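Quick notes on the structure that follows.
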Amino acid sequence: MTCRKVNIAIIVLAAVVFLLILHHNLLGLSDILKRQSSDVSLVGFQRIDFLPEAPEEKKLVEVPVVITAVENRLGGAIAAINSISSNTQSTVTFYIVTMNDTKEHLRTWISESKLKNVKYKILDFDPQVLEGKIRADERVKPLTFARFYLPDLIPGVEKVIYLDDDVIVQGDIVELYKTPIKVGHAAAFSEDCDSVTSKYLVRGAGSQYNYIGYFDYKKETIRKLGMKASTCSFNPGVFVANLTEWRRQNITRQLEKWMELDVEEELYSKTLAGSITAPPLLIVFYKMHSSIDPMWHVRHLGSSTGKRYSFQFVNAARLLHWNGHFKPWGRAASYSEIWEKWYVPDPTGKFSIIRRHTEAEREK
């Protein structure tokens, strides 16, 4: 009997030991499986705590650009349009302001050339709006005043770039369009004596253009404005306009007022340092305009036949402006080879680039 009890005790003890060993082994196996699961998660499928956001598609900006087109310099507007459309992926709408004698020529040039896919709209400018506002000798250039009437020409547009036809754009026009315009300002211009472009001038090239070159400071009406004659002027051939603010301040009417006063009193200099459109703009926007990045308006390239800047600087500029007498399609212009890269030959043959060598060939 005692022997049986001992045997039962041994069997029970052995069973307990077996169960303890089994439990220990099962715990070890669980740890191994956990470690393996952790290792797999490192190199295989990881637990995702969040889903990364899909990268936003870059929204392309639609840029409205106003440019004038005069028959005898139509090649300039064409080259400007080509340079702009070739250097951006964004949609650009060109509002081309012209007159009846140029419309068909313009349409043909665009439709029968590489520009046939550009988005454009031809706008009529009525020179009758200038009656009584300009002197008789200025009437031959009515389109130069089109920039005064931007809200009337493009009534549904809130912000716009205005460009003269003697420019070439080498950067993405969207950069210029995004120029910040301060609250209360209706436009952004580039100063004529900015420090950025001035330091790249070739020795001997003039750099500063002041108000005194535009106004007759002997006139009391001008003196009453309190504009310092030494104030640095700005160039009106390239600017970005906030047309909402332009309309609110009735800028067009303010400009017309100073046109009319000049007819009555001859307020502006007889030897204007620049465009005949500049004086009214300089008055209305005196200390009330924002600034354009100087590299987006490297100007006065047409002021002489000499080289104003180094070729390295000119090639790095975002926008080149041949304001002045010597145009890049003419016989003697600086940096004409850069402009010519963007020129699109006229399919009608009416317009052609004038060069000294072509004149020599004709004489032969």
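When reading the values below, keep in mind they use all heavy atoms of this one structure, side chains included, and skip hydrogens, waters and symmetry mates. Quantities reported herein were computed from a predicted structural model and do not represent experimental measurements.
With respect to R318 and D172, no salt bridge is recorded, no charged nitrogen being found less than 4.0 Å from a carboxylate O. Under 4.0 Å is where a charged nitrogen must lie from a carboxylate oxygen, and between E337 and R355 no such pair does. The pair E260-R253 meets the salt-bridge criterion, with a side-chain N (NZ, NE, NH1 or NH2) lying under 4.0 Å from an Asp/Glu carboxylate O. A salt bridge between K219 and E265 is absent, with no side-chain N of the basic residue lying under 4.0 Å from a carboxylate O of the acidic one.
Considering only heavy atoms from C-beta on, V65 stays 4.5 Å or farther from V160 through its side chain. Within the 4.5 Å cutoff, no side-chain heavy atoms of I161 are placed close to those of W296. In this structure the side chain of V118 never reaches within 4.5 angstrom of the side chain of N82, judged on heavy atoms. For the pair V240/K178, no side-chain contact is recorded, criterion being any heavy-atom separation below 4.5 Å from C-beta on. Taking 4.5 Å as the limit, every side-chain heavy atom of S233 sits out of range of all side-chain heavy atoms of E191. At least one side-chain heavy atom of P127 sits under 4.5 Å from a side-chain heavy atom of M99. Looking only at side-chain heavy atoms (C-beta outward), W342 and S86 come within less than 4.5 Å of each other. A heavy-atom distance below 4.5 Å is found between the side chains of I84 and L163.
When atom types are taken as modelled, the side chain of T88 and the backbone of S85 share no donor-acceptor pair closer than 3.5 angstrom. Looking only at distances, a side-chain donor or acceptor of S290 sits under 3.5 Å from a matching main-chain atom of K182. With T102 contributing its side chain and T98 its backbone, the two residues share no donor-acceptor pair below 3.5 Å. Between the side chain of K327 and the backbone N or O of G324, at least one donor-acceptor pair lies under 3.5 Å. With S334 contributing its side chain and T305 its backbone, the two residues share a donor-acceptor pair below 3.5 Å. At least one donor-acceptor pair under 3.5 Å links the side chain of W109 to the backbone N or O of V344. Between the S269 side chain and the Y214 main chain, no donor and acceptor come within less than 3.5 Å of each other. Checking side-chain atoms of Y343 against main-chain N and O of I353 turns up no donor-acceptor pair under 3.5 Å. The backbone N or O of F148 lies less than 3.5 Å from a partner atom in the side chain of T252, making a donor-acceptor pair.
The aromatic rings of Y268 and F215 lie perpendicular to each other, with more than 60° between the two planes, well past the 30° mark. Using cut-offs of 30° and 60° on the angle between ring planes, the pair W329 and F351 is perpendicular.
Residue L123 holds its CG atom at 13.5 Å from CZ of F94, rounded to the nearest 0.5 Å. Here the CG-CG distance, from N72 to D101, works out to 9.0 Å after rounding to the nearest 0.5 Å. Note: L74 CG to D346 CG = 7.0 Å, rounded to the nearest 0.5 Å. Atoms OG1 and CD1, on T68 and I96 in that order, are 10.0 Å from each other to the nearest 0.5 Å. Taking CG of N242 as the start and CD of Q249 as the end, the distance is 9.0 Å to the nearest 0.5 Å. One distance of note links CG of L176 with OG1 of T179; it measures 4.5 Å at 0.5 Å rounding.
In plain terms, the two heavy atoms of N87 and G171 that are nearest each other are CB-O, 3.4 Å. Residues P64 and Y95 come closest through the heavy atom pair CB-CE1, 3.8 Å. Nearest heavy-atom pair, Q170 versus N315, reported as atom, atom and distance to 0.1 Å: NE2-O, 3.6 Å. Residues N210 and A229 approach most closely at CB-O, 3.4 Å, considering heavy atoms. Closest non-hydrogen pair, Y217 versus R223, comes out as O-CG, 3.2 Å. Heavy atoms only, all atoms of each residue included: S336 and P328 are closest at CB-O, 3.7 Å.
With ring centers used as reference points, Y211 lies under 6.0 Å from Y286.
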Evaluate the criterion side chain to side chain contact (heavy atoms under 4.5 Å, CB included) for residue pair V97 and L143; output intermediate values, then yes/no.
-> CA-CA 8 Å; V97 187; L143 280 175; 3.9 Å; yes
So D164 and R147, salt bridge (charged side-chain N to carboxylate O under 4.0 Å, His left out) or not? Walk me through it.
-> CA-CA 9 Å; D164 277 351; R147 71 197 82 188; 3.3 Å; yes
Side chain to side chain contact (heavy atoms under 4.5 Å, CB included) between N235 and N323: does it pass, once the steps are laid out?
-> CA-CA 9 Å; N235 187 287; N323 58 308; 3.1 Å; yes
Show the numbers, then the answer: is there a salt bridge (charged side-chain N to carboxylate O under 4.0 Å, His left out) between E112 and K116?
-> CA-CA 6 Å; E112 296 184 14; K116 60 186 177 183; over 6 Å; no
Give the intermediate values and the outcome of side chain to side chain contact (heavy atoms under 4.5 Å, CB included) for residues K133 and V263.
-> CA-CA 7 Å; K133 300 180 182 72; V263 172; 5.6 Å; no
Hey, mind stepping through D216 and I222 against side chain to side chain contact (heavy atoms under 4.5 Å, CB included) and telling me if it holds?
-> CA-CA 7 Å; D216 183 350; I222 295 298; 5.6 Å; no
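By the criterion of side-chain heavy atoms lying less than 4.5 angstrom apart, applied directly or through intervening Ile, Leu, Val, Met, Phe, Trp or Tyr residues, I78 is grouped together with V92 in one hydrophobic cluster. Residues V284 and L267 share a hydrophobic cluster, clusters being chains of Ile/Leu/Val/Met/Phe/Trp/Tyr side chains in contact below 4.5 Å. If you chain together hydrophobic residues whose side chains sit under 4.5 Å apart, I181 and I292 fall into the same group. Residues F311 and F313 share a single hydrophobic cluster, defined by chaining ILVMFWY side chains whose heavy atoms lie under 4.5 Å apart.
Every pair passing ring pair (Phe, Tyr, Trp, His ring centres under 6.0 Å) that includes a residue from residues 225-265 is listed here, sequence neighbours excluded: Y162-F239, F189-F234, F189-F239, F234-H289, W246-F285.
With no hydrogens or angles considered, a side-chain donor-acceptor pair links D192 and H300 at under 3.5 Å. Judged purely by distance below 3.5 Å, without hydrogens or angles, the side chains of S303 and H325 never pair a donor atom with an acceptor atom. Residues E62 and T93 bring a donor and an acceptor atom of their side chains to less than 3.5 Å of each other. D166 and H321 share a side-chain donor-acceptor pair at under 3.5 Å. Checked by atom type, the side-chain pair H185/E245 shows no donor-acceptor distance below 3.5 Å.
A search for salt bridge (Lys or Arg N to Asp or Glu O under 4.0 Å) contacts involving D126 returns nothing, not counting sequence neighbours.
Partner of Y335 under the side chain to side chain contact (heavy atoms under 4.5 Å, CB included) criterion, chosen from V314, V298, I168, L320: V314.
Surrounding NZ of K257 are at most 12 heavy atoms belonging to other residues, nucleotides or ligands under 6.0 Å away. Other residues, nucleotides and ligands contribute at most 12 non-hydrogen atoms within 6.0 Å of the CD1 atom of I212.
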